[in-house]
Number of protein chains: 2
Amino acid sequence: MKALSRQPSQEACVPADDDRLDLRPVEGKGVDEELAALAKAVAHPARVRIVRLLLRRTSCMCGDIVDELPLAQSTVSQHLKVLKAAGLIRGEVEGARVCYWVAPRTVRRLKALVAAL
Amino acid sequence: MKALSRQPSQEACVPADDDRLDLRPVEGKGVDEELAALAKAVAHPARVRIVRLLLRRTSCMCGDIVDELPLAQSTVSQHLKVLKAAGLIRGEVEGARVCYWVAPRTVRRLKALVAAL
DNA sequence: AGCTTTCATCGTCTTTTTACGATACCAGAG
DNA sequence: CTCTGGTATCGTAAAAAGACGATGAAAGCT
């Protein structure tokens, strides 16, 4: 059933996310809310850390994130939930574990919105 | 007494903020907190709006911000306080009014930190 | 001196965030 | 099937954020 196991040692573990150019506007009424929402997702040191961890890792990383942070497992899980809700990361159940990776498209969007300031 | 009145129609109202290149690191322990703090300052639609307003205006803008937002004056004042505390904007009393402008250096710093993700 | 305008701060209330332990869930090992 | 390890979710508590009206302070006008 095509188990999509973590790629052993390739460039990154991002499952071919949308890589096209983003043509959406970078300012306007709704865009303010969009930027605010993305900024809020990153508005916590632990979540910044998580995003960085996922970006730097060549493999998918699962709950090893918990070991990297001085927080309880449930708290880390909450932060992951926030990041996922914002679309910054994605997660997929991998047997007993869960594999997380960043959503490059949303990260690019965040960069574009901030850069457009 | 050199009243520093709002420049009538020049490029921007930014009073010659530090314009040198920023050589501080863009990742690391303390940097996560720095980015988180800056992101938090922008993690609200009203504050994004304010920053944009101040960036786009050729004149300084004062409490006209209040007229642009669907919020009470005290609430807007609070948002301005948050932005000022984060170093993203600066304010100076101008007679009975207060002149706000963005701090380009901090905005650049934010852009650098996000771009480095 | 009074009055008005402009803005900040205070006090209060409501909502959201953050954090944790406890518990439930699910997949794999034995 | 039972146990175990890895996660998510629940319940709860504390803290912070967000919003508003009321009040206060300073400046300018009459």
Side-chain angles (χ1 to χ4, degrees), chain A residues 1-6 32-33 35-51 53-54 57 59-86 88-101, chain B residues 1-6 32-33 35-51 53-54 57 59-86 88-101:
Chain A
M1 46 193 71
K2 205 184 78 57
L4 198 149
S5 59
R6 41 196 159 336
D32 286 356
E33 295 171 9
L35 173 52
L38 288 176
K40 181 180 288 186
V42 184
H44 192 289
R47 292 197 290 269
V48 173
R49 188 91 195 288
I50 290 172
V51 171
L53 284 173
L54 292 179
R57 289 280 175 175
S59 74
C60 274
M61 285 277 302
C62 306
D64 311 300
I65 303 169
V66 176
D67 301 329
E68 296 283 349
L69 298 177
L71 296 171
Q73 176 266 323
S74 58
T75 305
V76 173
S77 192
Q78 290 248 108
H79 284 304
L80 289 169
K81 190 178 182 180
V82 171
L83 288 171
K84 193 156 60 176
L88 280 170
I89 69 174
R90 292 177 155 276
E92 188 164 325
V93 177
E94 185 97 10
R97 313 193 171 183
V98 177
C99 174
Y100 283 103
W101 62 90
Chain B
M1 48 192 68
K2 204 186 76 62
L4 199 150
S5 58
R6 40 201 162 323
D32 286 356
E33 295 171 10
L35 173 52
L38 287 175
K40 181 179 290 187
V42 184
H44 192 289
R47 291 197 290 267
V48 173
R49 189 91 194 287
I50 291 173
V51 170
L53 284 174
L54 293 179
R57 289 280 176 176
S59 74
C60 272
M61 285 274 303
C62 305
D64 311 299
I65 303 169
V66 175
D67 302 328
E68 296 283 349
L69 298 177
L71 296 170
Q73 176 266 323
S74 58
T75 305
V76 173
S77 192
Q78 291 251 108
H79 284 305
L80 289 170
K81 190 178 182 180
V82 170
L83 288 171
K84 194 155 59 174
L88 279 169
I89 70 174
R90 292 176 156 277
E92 188 164 325
V93 178
E94 185 96 10
R97 312 192 171 184
V98 177
C99 173
Y100 284 103
W101 63 87

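Note on naming: letters A, B, ... go to the chains in the order of the sequence lines (proteins, then strands), and numbering restarts at 1 for each one.
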Peer 1: Please lay out, stage by stage, how L54(A) and I65(A) fare under the test side chain to side chain contact (heavy atoms under 4.5 Å, CB included).
Peer 2: CA-CA 9 Å; L54(A) 292 179; I65(A) 303 169; 4.1 Å; yes
Peer 1: Check for a donor-acceptor pair, side chain of R47(A) on one end and backbone N or O of K40(A) on the other, with a separation under 3.5 Å.
Peer 2: yes
Peer 1: Taking it one step at a time, do H79(A) and T75(A) satisfy side chain to side chain contact (heavy atoms under 4.5 Å, CB included)?
Peer 2: CA-CA 6 Å; H79(A) 284 304; T75(A) 305; 3.9 Å; yes
Peer 1: In B/S/- notation, 5' to 3', how is nucleotides 4-18 of chain C contacted by protein heavy atoms closer than 4.0 Å?
Peer 2: --SBBB-------SB
Peer 1: Taking side chain as C-beta onward, heavy atoms only, is D64(B) less than 4.5 Å from L53(B)?
Peer 2: no
Peer 1: Using a heavy-atom cut-off of 4.0 Å to chain A, what are the terminal contacting nucleotides of DNA chain D, in 5' to 3' order?
Peer 2: dG6(D) to dT9(D)
Peer 1: Which atom names give the shortest non-hydrogen contact between A41(A) and L83(A), and what distance separates them?
Peer 2: O-CD2, 3.5 Å
Peer 1: For E33(B), check salt bridge (charged side-chain N to carboxylate O under 4.0 Å, His left out) against everything at least two apart and list the hits.
Peer 2: K29(B)
Peer 1: Got E92(B) and W101(B) here, is their nearest side-chain heavy-atom distance under 4.5 Å?
Peer 2: yes
